[in-house]
S.K.: 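The structure's right below; bear with me while I get my questions together.
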Amino acid sequence: MWTDDLTVGIDEIDSQHKSLFLQLEKLLDACVAGGEREEVLAMLDFLDDYVVTHFATEEGLQREHCYPDFEKHRREHEGFLHRINLLKEEIATSAPSRDFVLRVNQALIDWLRSHILTVDKAASEFLLKKMGRNPI
Ligand SMILES: [Fe+2]
């Protein structure tokens with residue numbers, strides 16, 4: 001599901017994004033295959049932890065280089081973590097339904113794609129310039 005157009009040009013961030021999409025694919029596969037609630041919840045927990053680490057990487061770089069839109073970017077990240085937590089709450093009480101798969105697609109995958117294509121790309125362009133590297 002990760003596609004070349006999502007490249008931001010900072011290797012560490014690109015590889016974390018790829019890993020995020022792989023995890024999301026596995027999560028969807030498990031839901032579609034009728035995975036157990038516990039299994040899906042464990043995957044969401046893992047994803048949640050990974051996303052926290054990933055956002056810390058991005059925000060750390062932005063702080064280090066005094067990115068002017070840091071606060072705005074950080075608030076977007078908080079919104080995503082909130083979405084993961086809502087899905088976790090949902091799956092804590094009921095088995096993954098078809099509707100749940102739809103929400104994973106919309107709330108997580110679509111969000112991530114559009115976040116990367118807009119705000120992550122803008123931040124990376126700024127960071128690459130600050131680091132003396134050519135933006136992609
Ligand atoms: Fe971001």
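Just so it is clear, the structure is predicted and the values come from calculations on it, not from any experiment. Ligands are counted one by one from 1 in listed order, and the atoms in each one are counted from 1 as well.
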S.K.: Regarding H77 and H54, is there a side-chain donor-to-acceptor distance under 3.5 Å anywhere?
M.R.: no
S.K.: Would you kindly say whether T3 and R113 are connected by a side-chain donor-acceptor distance under 3.5 Å?
M.R.: yes
S.K.: Report, rounded to 10°, the angle at the Fe ion (ligand 1) between the two atoms NE2 (H115) and OD1 (D120).
M.R.: 90°
S.K.: Below 2.8 Å, any N, O or S contact between E76 and the Fe ion (ligand 1)?
M.R.: no
S.K.: Does the distance from a Lys or Arg side-chain N to an Asp or Glu carboxylate O, for K121 and D5, drop under 4.0 Å?
M.R.: no
S.K.: Which atom, among the N/O/S set of E58, is closest to the Fe ion (ligand 1)?
M.R.: OE1
S.K.: Within a radius of less than 6.0 Å around CZ of F46, do more than 12 heavy atoms belonging to other residues, nucleotides or ligands occur?
M.R.: no
